[in-house]
Amino acid sequence: MSEARIDKWMWAVRIFKTRTIAAEACKKGRISINGALAKAARTVKPGDVIQVRKPPVTYSFKVLQPIEKRVGAKLVPEVMENVTTPDQYELLEMSKISGFINRAKGTGRPTKKDRRELEDFTAPEFMDDFDFDFDFEEE
């Protein structure tokens with residue numbers, strides 16, 4: 001067999017955990033073969049270069065063997081070659097470093113500082129003025 005479906009191949013070489021996810025990535029336009037967008041049923045041949053967009057990185061893999069049966073992780077280098085450029089890995093590192101620093105204000109969970117500011121803002125100021133030591137007369 002010198003050809004394999006792209007979704008089956010990506011699942012077989014462990015780029016995606018399930019074939020469904022692989023097929024969905026094709027449907028969403030995240031997979032391209034030799035620069036052209038690929039549907040899930042598109043076949044791959046030895047020598048094809050597959051680009052997989054998993055934002056913020058675009059991974060590139062060269063097909064060495066088209067397979068449709070899943071192989072062990074140790075056998076993957078015989079089936080495909082990772083040809084992702086180093087600048088893509090730099091992008092990944094940069095996004096890891098600036099992961100929560102670039103969080104848009106107001107999105108996600110509030111930081112400790114945000115929470116304190118919120119509490120200061122919502123706490124009624126006049127609560128400090130009250131003297132709760134009421135004198136109850138005993139009868």
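On a predicted model such as this, the values are computed, not experimentally measured, just so you know. In what follows, residues are counted from 1 in the order of the sequence shown.
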*Under the side-chain contact (heavy atoms from CB on, under 4.5 Å) rule, what do Arg116 and Asp114 come out as? Steps first, then yes or no, please.*
CA-CA 6 Å; Arg116 287 189 177 138; Asp114 292 341; over 6 Å; no
*Not counting sequence neighbours, list each pair that qualifies as a salt bridge (charged side-chain N to carboxylate O under 4.0 Å, His left out) and has a residue in residues 73-89.*
none
*Sort and list the pairs that fulfil side-chain hydrogen bond (donor to acceptor under 3.5 Å, both in side chains) and have at least one residue in residues 21-31, not counting sequence neighbours.*
none
*Can you see which heavy atom on Ala73 is nearest to which on Pro77, and at what distance?*
O-CD, 3.8 Å
*asked:* I'd like to check the side-chain hydrogen bond (donor to acceptor under 3.5 Å, both in side chains) partners of Gln51; sequence neighbours left out, ordered by chain and number.
replied: Ser32
Please tabulate, one pair per line, all N/O donor-acceptor pairs under 3.5 Å involving side-chain atoms of residues 10-19, not counting sequence neighbours.
from: Arg14; atom 1: NE; to: Val71; atom 2: O; distance (Å): 2.7
from: Arg14; atom 1: NH2; to: Val71; atom 2: O; distance (Å): 3.3
from: Thr18; atom 1: OG1; to: Ile21; atom 2: N; distance (Å): 3.1
from: Arg19; atom 1: NE; to: Asp7; atom 2: OD2; distance (Å): 3.3

Donor-acceptor pairs under 3.5 angstrom involving side-chain atoms of residues 35-44: please list them, not counting sequence neighbours.
none

Check residues 57-65 and write down every donor-acceptor pair under 3.5 Å in which the side-chain atom is one partner and the other belongs to a residue at least two apart or another chain.
none

_Can a donor-acceptor pair be found, under 3.5 Å and without considering hydrogens, that links the side chain of Glu68 to the backbone of Trp9?_
no
*Less than 4.5 Å apart, any side-chain heavy atom of Val49 and any of Ile33?*
no
_What I'd like to find out is whether the side chain of Leu118 reaches to under 4.5 Å of the side chain of Arg115, using heavy atoms alone._
no
*Give the cluster check for Met80 versus Leu75: same hydrophobic cluster or not, with ILVMFWY residues linked at side-chain heavy-atom distances below 4.5 Å.*
yes
*Do any N or O atoms from the side chain of Asp120 and from the backbone of Glu117 form a donor-acceptor pair under 3.5 angstrom?*
no
